[in-house]
Amino acid sequence: MNLTGLPSLDPKSVKFDHSFVFDAHNHDFRQLITRWRGTVVERTPLGFAVTGWQKSIYHFGGLNCEVPIVVGLLLDEKGRIRSLKIDERSQGSQGKRCDFACLETLCGEKLTGTDLAELGTRVSSAPDVKCLHLFEILSACASFYGTLKAQGLQNGTEQEHVAIRPERGGLCSCSTHEILGRRDETQIRLEHRTPPVLNTENLAETLDAAVTVRYNGEDVITEELHASDFETVYAQLNRLFSKCHHREKAFFGLKGRVRFFNSPSMVGLFLLTISHSGVSGLITRAWKIEKILHWLQTGCGKNPCKGFGG
């Protein structure tokens, strides 16, 4: 299967066939970073079945890292978690070193009986489940299930695809989001006025760039980004993606805290892409990229991710 965008999605295909997540050839080598993420909620005789998945693919020269994860939740009639199952083919950023059997046990014991719509009261950050990817998937499942519940719906799907590629003097990201059969498209192009300077962690500590955002084919944001330290670089990118996130919410008629979007992850993905052009070395290149991934996933001095020994 070759997959360069969103798959045709329905509850039955996702429930019984996750091949589009675990297929090792569903990527475009022209893209530096690709990410799929989605949620399916299906009514069952005993309650609800919720399937959430996320797959990231990173291409840095000879380094190709794929992170596919599928999580299945069974809920009772009141929406409380009866069981949690992580597909045995799932992998984390550290491959087999991410022990999902252990995570499944920890999460199952901790979350059984929790109302999925109220999951945020039990799982508010990655350290709560010892895995950033699992946290993102569970948060999306809870948020989408809560949205359906608020709308009086018992079945529904949402899915998202993001692809980021470097361009001469900058980078471009293209994303598509489908919610309950309705789609939108966002394109963000960043052009450097001057090349960014990387710090000792190989992360951008300067930013002097022009940004153009096209939403559903129309230019909606044109602005300049300027920063002279990493914290400001992060803040400016976070502000940009927050604007895009709120525009998407308005398009889909959503209100309140909605977590089934890649927006929070986009800051890290953009930072990783910016670093790509400045990271040197051959043998040491993979190690440097892994260190950047580590830093972006866990934060400075923190180690909540199971794959990194959390």
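The structure presented is a predicted model; accordingly, all values stated were derived computationally and were not measured. Numbering of residues begins at 1 and proceeds along the displayed sequence.
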Checklist outcome for this item: Given the options Phe261, Trp36, Phe144, His177 meets ring pair (Phe, Tyr, Trp, His ring centres under 6.0 Å) only with Phe261
Checklist entry - Mind checking whether Leu73 and Leu46 sit in one hydrophobic cluster, side chains of I, L, V, M, F, W, Y counted as touching below 4.5 Å? => result no
Item to check | Co-membership, hydrophobic cluster, residues Ile274 and Phe241, 4.5 Å side-chain | outcome: yes
Checklist entry - Do Arg37 and Phe260 meet the cation-pi criteria used here (NZ or CZ under 6.0 Å from the six-membered ring centre, within 45° of the axis)? => result no
Next on the checklist: Using modelled atom types and a 3.5 Å cut-off, is there a donor and acceptor pairing between side-chain atoms of Arg82 and backbone atoms of Thr112?
Outcome noted: no
Item to check | Side-chain donor or acceptor of Thr232 paired with backbone N/O of Ser228 under 3.5 Å | outcome: no
Next on the checklist: Would the distance check show the side chain of Ser143 and the main-chain N or O of Ser139 forming a donor-acceptor pair, the cut-off being under 3.5 Å?
Outcome noted: no
Contacts under 3.5 angstrom, residues 205-212 side chains, donor-acceptor by atom type, not counting sequence neighbours:
{"unit_1": "Thr206", "atom_1": "OG1", "unit_2": "Val197", "atom_2": "N", "d": "2.8"}
{"unit_1": "Asp208", "atom_1": "OD1", "unit_2": "His226", "atom_2": "ND1", "d": "3.0"}
{"unit_1": "Asp208", "atom_1": "OD2", "unit_2": "Thr194", "atom_2": "OG1", "d": "3.3"}

Item to check | Flag, side chain of Ser275 to backbone of Asn202, donor-acceptor distance under 3.5 Å | outcome: yes
Checklist entry - So, are Arg168 and Glu191 salt-bridged, with charged N and O less than 4.0 Å apart? => result no
Item to check | Expected output: side-chain Arg122 to main-chain Leu116 donor-acceptor under 3.5 Å | outcome: no
Item to check | Polar side-chain atom of Asn216 near backbone of Glu185 as donor-acceptor pair, under 3.5 Å | outcome: yes
Checklist entry - So, is the end of the Arg35 side chain (NZ or CZ) under 6.0 Å from the ring centre of Tyr58 and within 45° of the ring's axis? => result no
Checklist entry - Taking the side chain from Lys85 and the backbone from Leu74, do they hold a donor-acceptor pair closer than 3.5 Å? => result no
Item to check | Residues Gln54, Glu136; criterion side chain to side chain donor-acceptor pair (under 3.5 Å); working and verdict | outcome: CA-CA 8 Å; Gln54 178 174 284; Glu136 291 176 328; 3.0 Å; yes
Checklist entry - Linking I/L/V/M/F/W/Y whenever any side-chain heavy atoms sit under 4.5 Å apart, do Leu148 and Leu254 land together? => result yes
Checklist entry - What's the shortest heavy-atom distance between Leu269 and Thr273, and which atoms? => result O-OG1, 2.8 Å
Next on the checklist: Testing the basics here: between Phe48 and Glu77, what is the closest heavy-atom pair and its distance to 0.1 Å?
Outcome noted: CE1-O, 4.0 Å
Checklist outcome for this item: Contacts satisfying salt bridge (Lys or Arg N to Asp or Glu O under 4.0 Å) that involve residues 253-264 (not counting sequence neighbours) are none
Next on the checklist: Keeping Ser242 on the side-chain end and Asn238 on the backbone end, is there a donor-acceptor pair under 3.5 Å?
Outcome noted: yes
